[in-house]
Amino acid sequence: MARVKILGIEVDAVTMAQAVERVENLIVQKKSSLVATANAEMLLNATHDAELKKILNAADLVVPDGAGTVWAAHHLGFEMPERVAGFDLVQELMKISPAREIKFFLFGAAPSIADKAKLKAEELYPGIKIVGTRNGYFKPEDEPEIISQIKSSQPDVLLAALGVPKQEKWLFKHKDELKIPVSIGVGGTFDVMAGVVRRAPLWMQKAKLEWLFRAMLQPSRAGRLLALPKFVWKVHKQKVNG
Ligand code: UDP
């Protein structure tokens with residue numbers, strides 16, 4: 001499978017359908033695989049976070065989440081077939097899960113959010129099996145209990161919504177102990193599913209403006225917009241300097 005190196009991170013040039021198929025294969029392989037959804041901010045963070053960079057390059061699948069990632073590949077002379085947003089990947093996996101008998105555990109977000117996301121998933125995808133939930137606010141001493149809760153629920157897919165890079169680092173650190181076939185860092189997915197954060201309208205997603213919508217909706221995130229021009233600048237430097 002083709003991979004495009006963007007700011008030192010290998011991103012898989014996959015369509016949504018290929019990403020779903022890949023996750024299904026990883027579930028069958030049962031080897032504690034990690035899946036990451038790389039948007040511009042994550043790729044930029046990885047340039048000054050060596051641990052995150054190592055984890056992303058060790059991941060089994062890194063999907064091009066966000067218009068920025070697709071643009072970067074294009075600017076560097078490669079084509080990403082399409083954007084594969086983490087939220088959409090989760091929905092696609094949930095949709096096929098009853099037929100494929102894929103079980104999920106939802107870990108992360110504020111108390112009660114993962115439970116609301118579970119209810120929403122059960123309404124949208126009848127027959128889905130969500131075998132456990134746990135909020136994402138915990139102390140180090142709570143971790144053994146969280147790990148044993150996840151392990152005893154025996155999910156095929158662990159969705160972790162702790163924010164970047166906390167979710168990637170947590171999943172990587174505990175993956176051998178957890179032994180869950182596939183773990184995916186999913187950022188704000190549960191908040192959107194629970195209905196506490198809105199996703200950008202389709203026209204904004206198509207106009208590649210989802211990042212602007214998120215900043216408008218949560219002004220506390222506005223500072224994070226600075227990541228975008230920095231990302232564009234760094235990708236351009238990569239193109240010029242190789
Ligand atoms: N979160 C959490 N534990 C933490 C910090 C954050 O569970 O210690 C959750 C937060 O409630 C939210 C998600 O992680 O549901 C991060 O969402 P965001 O949209 O900020 O994701 P990102 O843009 O970092 O991928």
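Both ligands and their constituent atoms are indexed starting at 1 by order of listing.
With salt bridges taken as basic N to acidic carboxylate O contacts below 4.0 Å, one links Arg199 and Glu210. Salt-bridge check for Lys169 with Asp49: passed, with a basic side-chain N closer than 4.0 Å to an acidic carboxylate O.
Other residues sharing the hydrophobic cluster of Leu226, ordered by chain and number and joined by side-chain separations under 4.5 Å: none, the residue standing alone. Phe172 shares a hydrophobic cluster with Leu34, Ile55, Phe105, Phe107, Phe138, Ile146, Ile147, Ile150, Leu158, Leu162, Trp170, Leu171, Leu178, Ile180; the chain of contacts runs through ILVMFWY side chains whose heavy atoms sit under 4.5 Å apart.
A distance limit of 4.0 angstrom between heavy atoms and ligand 1 selects the residues Gly108, Ala109, Ala110, Gly136, Tyr137, Ala161, Leu162, Gly163, Val164, Lys166, Gly187, Gly188, Asp191, Arg214, Arg221, Arg224.
Under the ring pair (Phe, Tyr, Trp, His ring centres under 6.0 Å) criterion, His236 pairs with His75, not counting sequence neighbours.
At least one side-chain heavy atom of Phe231 sits under 4.5 Å from a side-chain heavy atom of Leu7.
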